[in-house]
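This report refers to the structure that appears directly beneath it.
Protein chains get the first letters and strands the later ones, always in sequence-line order, with residue 1 at the start of each.
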Amino acid sequence: MIPAAFEYYRPTDMAGVIALLQEHGDDARVMAGGHSLIPMMKLRMAEVPHLIDLQAIEGLSEIAISGGSITIGAMVTQHEIINSAEMEKAAPIMKEAALQIADPQVRYMGTVGGNVANGDPGNDMPGLMQCLNAQFHLVGPDGDRVVDARDFYEAAYMTDREDEEVLTAVSFAAPVGGFAYEKQKRKIGDYATAAAAAQIFKEGGKVSAASIAMTNLSDTPVWSEDAGTALVGSTCDEVAVKAAVTAMLDDIDPTEDNRGPVAFKRHAAGVVLGRAIARAWSRA
Amino acid sequence: MKDEITRDERVANLKGMGCSRKRVEDARFTQGKGNYVDDIKLPGMLHGDFVRSPYAHARVKSINIDAAMALPGVVAVLTAKDLEPLNLHWMPTLAGDKQMVLADGKVLFQGQEVAFVVANDRYIAADAVELVEVDYEELEVIVDPFKSLQSDVVLREDMVAEDGSIPNGAHGPRKHPNHIFTWEAGEEEATNQVIDNAEVVATEEMYYHRTHPCPLETCGSVASMDKVNGKLTLWGTFQAPHVVRTVASLLSGIEEHNIRVVSPDIGGGFGNKVGVYPGYVCSIVASIVTGVPVKWVEDRMENLMSTAFARDYWMKGKISATKEGKITGLHCHVTADHGAFDACADPTKFPAGFMNICTGSYDIPVAYLGVDGVYTNKAPGGVSYRCSFRVTEAVYFIERMIEVLAIELNMDPAELRSINFIKKEQFPYTAALGWEYDSGDYQTAWDKALLAVDYTGLRAEQAQRVEDFKAGKTRKVMGIGLSFFTEIVGAGPVKNCDILGMGMFDSCEIRIHPTGSAVARLGTISQGQGHATTFAQILATEIGLSAESITIEEGDTDTAPYGLGTYGSRSTPVAGAAAAMAGRKIRAKAQMIAAYLLEVHDNDVEFDVDRFVVKGSPEQFKTMKDIAYAAYNQAIPGLEPGLEAVSYYDPPNMTYPFGAYVCVMDIDVDTGVPEIRRFYALDDCGTRINPMVIEGQIHGGLTEALAVALGQEIAYDDMGNVKTGTLMDFFLPTAWEVPNYETDYTVTPSPHHPIGAKGVGESPHVGGVPCFSNAVQDAFRPFGNRHTNMPHDHWRIWQTANDLGMHD
């Protein structure tokens, strides 16, 4: 658990960060809370000769909620998400999900930006961001660009972000309707055995729109468009939920690990999704 | 002289046995002021780190250290070739086998020590490890002990003679190159006869999975060889520092008086820190070679992958009974996977520990136990994780066999236990496999436990739940886990217990200072048990000085008397007895001093709490403080000055703590998630020294039991790769996963122990594992479950439900 030697940088503006990234290419990594990257470095599974700490960059730690739009700076911690009264009012699913990430010590340091940018399929925020149809804001040598969360993830630890780019914020429209983030895990601090994010909008006693995403059941988060569609027009009755689960199971591709064999994971995925839908519907 | 406080107040001031004195250790532990091995920093100290094998079985063709040596700050890279001239490339294990210190031509498990890098700082050492080039030739890997006994692949070439014959091992004949020993107890033929002719027979096979004690502090050592005065000082995570000194002397040739071994604060042991590890040996050799202190501290992954594991027992049982449920015989066979070297930490004559306590708390007329130890390509060990030697395995075995027999008899398992308990009047009771149980009152404890949880009501609720489940009203099933255990602790009588030839006595030396305070030193070493608190309480009651005035010291072999250390719940049964006996020697001399001061005959004074009083004249007395002072400032005819005593205690027998546990569990059959609704633990550890410390021990032991039963394992894949090498996958429960525990007790003192105490640190683990497991299994019993193996993690519970058709 001793990392290889690395250079540590703490630039004070984004231009400095980009310059370092351009200079060192994929030998450099930016660090937000460090709670994924540092353990990987200590295990020598990630070699990062140039580590760029974002702590001193201003303007990355704000939560902005206005006009039905929510923007979360990349350096906002899970702890801050949990304790923001405004966030709880505007997007209560954020708190419900953040409380299920790791443990309080990790949440003091762990950030939303790090959680979504790292590309770890076990992280909870990527699936949630896909459920909420969030946009990721990237800045690089050629300026800013925005990528949909649903288009961002390519494979485990592989994302649409270029080596010289930094993810600075996530934004999404304030969600409407009922919500739920349901997660099964082996213990506090664990990644999900299976987790489901559900957002359901009700009109005239029926589902008018639904969005569903799953965590740690493929090498990327899985937004299951068909699962959401299966609920539309229904009252989230048994048949509709079964259709949503069936659609979701077509989209995921879990692998066996210490959490269990594929059959179990698929079963658990169906159960957590059913529970997420039930809870979201009850709140819709 | 008029006494200003009452007798009750004097008793309270003593803080002696029976009071919940707060732990004196906790002030430093809770404020970051502990002094652990890694806190030791000496001038010029170097740091060691291991090159470890990525393979489970491979030939080491060459090791090139040039690149590592070229790295600035690297002082040395040791390999087996460097240790061979000192005859330290292999070392003896506590089990009579030997173990490679550094890979001698081959590696036998993933994580095995291959080379030891010594550098100016820890970071350079870690960098240099990556620069050591080892050329491996992979060999066929065997992780299954049954396949190992059939295989042509010889794991331990050193254990086969040149002509291909198989020499005897430390425990007799071996029947295959990969076979270590066969150990038997009881009468096989008689047992088979009873079972073959029995009215009812239940058979079951169960695997007690491999797990790990995983103390919070990993293992480590600091060796400092002073070449001027020829003294070696060794600080380390040692549960038995005196034995380490003796072993270090025998191995190194340094005379024992020139070796000082110190166990500073130890952050948990649970059996993991009983044995001797290559890191200790390498730090010593490196310090001898370099002439400066060398520190070695392993990280969490190294601890989980390479230091002593626990369990890995494949157990096959047959139990017979009458139709009415009276057990008539028990047969047990174990295939014991010991990994690459037999490094179990058991008394020499017990290669399977006290597995022969597997008749449990029951009056079983005839029994047989056979154990076959086997080599595989896994880490060595086989220590007793929070239990006396292999007792958790034994109790799990019998408590599962009882449940299976109850199924066979279609009988309530609580009733089946009652029918078969050893009765109060049968003690001392000699079991079919030879042990003499000292005392017990099992039925009283059992009845108290069942009443406390309203057992009848729970069974009615469970029956209703089964109906509701079948009617589709719920997806949760309910389990009632029972266990009744008898521990065998306090090893032990020198006549049958030794480690490397050292009899398993223990010791206490006490010195009373002139002003009436004291220091007592013992041969044990606390790893969090609270010895500084509880041993002072024993002495306070015995010698009449307040526990607050008694300092307890352990772990420094230059000052403490020789003892065999702390494991197997032996500290209170053995060293606690030594403390009481030393205290009584102090009291005997104090009585003579008091009589002299009071100008009466020795027999005319009697001890009363904190003083000696003249019989029939309680206003005439001398306090122990008065007496202590007199011992140093008066010339008393016929008495030497001073007031000190030493006792080496060889216990006449083991002690046999017992208990009755009940766990109530609700299980979601769709996710496999268990919720522990209730856990009731009744413990009988004989005389209770500190109820608060006992309760803490029980909470800790139960939590480790929960861990083992519900998910904690060291798992390997077919290539011998460790799949659970970090705390992400190795289940270490947090406060979040731990239920509320209800504790209760009865008191059945040990008749042969000076204060009647039996030891308690390990009971909750021994009783807890089967209780948690039985709760899971009981939940599925109404649906056809008979036995499923631990660990009962989510997916395996789900699998059980799935196999029983509960998802259809």
Next on the checklist: Using 0.5 Å steps for rounding, measure from the CE atom of B/Met728 to the CG atom of A/Asn258.
Outcome noted: 11.0 Å
Checklist outcome for this item: Value for CZ (A/Phe264) from CZ (B/Arg796), rounded to nearest 0.5 Å, stands at 11.0 Å
Checklist entry - Closest approach of A/Arg186 and B/Asp729, non-hydrogen atoms and distance? => result NH2-OD1, 3.0 Å
Checklist entry - Atom CH2 in B/Trp795, atom CG in A/Asp257: separation rounded to 0.5 Å? => result 11.0 Å
Next on the checklist: Can you give me the closest heavy-atom contact between B/His794 and A/Lys185, atom names plus distance?
Outcome noted: CE1-O, 3.1 Å
Next on the checklist: Need one label for A/Ala263: side chain, backbone, both or neither, based on atoms under 4.5 Å from any heavy atom in chain B.
Outcome noted: both
Item to check | Salt-bridge present (A/Lys187, B/Asp793; N to O < 4.0 Å) | outcome: no
Next on the checklist: Given heavy-atom pairs under 4.5 angstrom as the criterion, report whether the side chain, backbone, both or neither of B/Asn802 touches chain A.
Outcome noted: neither
Checklist entry - Can you tell me if NZ on B/Lys473 sees more than 12 non-hydrogen neighbours from other groups inside 6.0 Å? => result no
Item to check | Atom pair CD1/NE2 of A/Ile2 and B/His47 - distance to nearest 0.5 Å | outcome: 10.0 Å
Next on the checklist: If I measure from the heavy atoms of chain A, does B/Leu732 come under 4.5 Å with its side chain, its backbone, both, or neither?
Outcome noted: backbone
Checklist entry - Is atom CD of A/Glu154 surrounded by more than 12 heavy atoms (other residues, nucleotides or ligands) closer than 6.0 Å? => result yes
Checklist entry - Relative to chain A, which of B/Val129, B/Asp668, B/Asp49 shows the most heavy atom pairs under 4.5 Å? => result B/Asp668
Checklist entry - Above 12 or not: heavy atoms from other molecules or residues under 6.0 Å from OH of B/Tyr123? => result no
Checklist outcome for this item: Heavy atoms of A/Ile188 and B/Glu737 approach each other most closely as N-OE2, 2.5 Å
Checklist outcome for this item: Taking every heavy atom of A/Arg275 against every heavy atom of B/Thr671, the minimum-distance pair comes out as NH1-CG2, 3.6 Å
Next on the checklist: Strictly distance-based, threshold 3.5 Å: is any side-chain N or O of B/Asp299 a donor or acceptor partner for the main-chain N or O of A/Met1?
Outcome noted: yes
Item to check | side chain to side chain donor-acceptor pair (under 3.5 Å) contacts in which one or both residues fall within residues 241-256 of chain A, not counting sequence neighbours | outcome: A/Ser224-A/Asp251
Next on the checklist: Please classify the contact of B/Glu130 with chain A as side chain, backbone, both or neither, using a heavy-atom distance under 4.5 Å.
Outcome noted: side chain
Next on the checklist: Taking every non-hydrogen pair under 4.5 Å, which of A/Gly270, A/Ala268, A/Pro261 racks up the most with chain B?
Outcome noted: A/Pro261
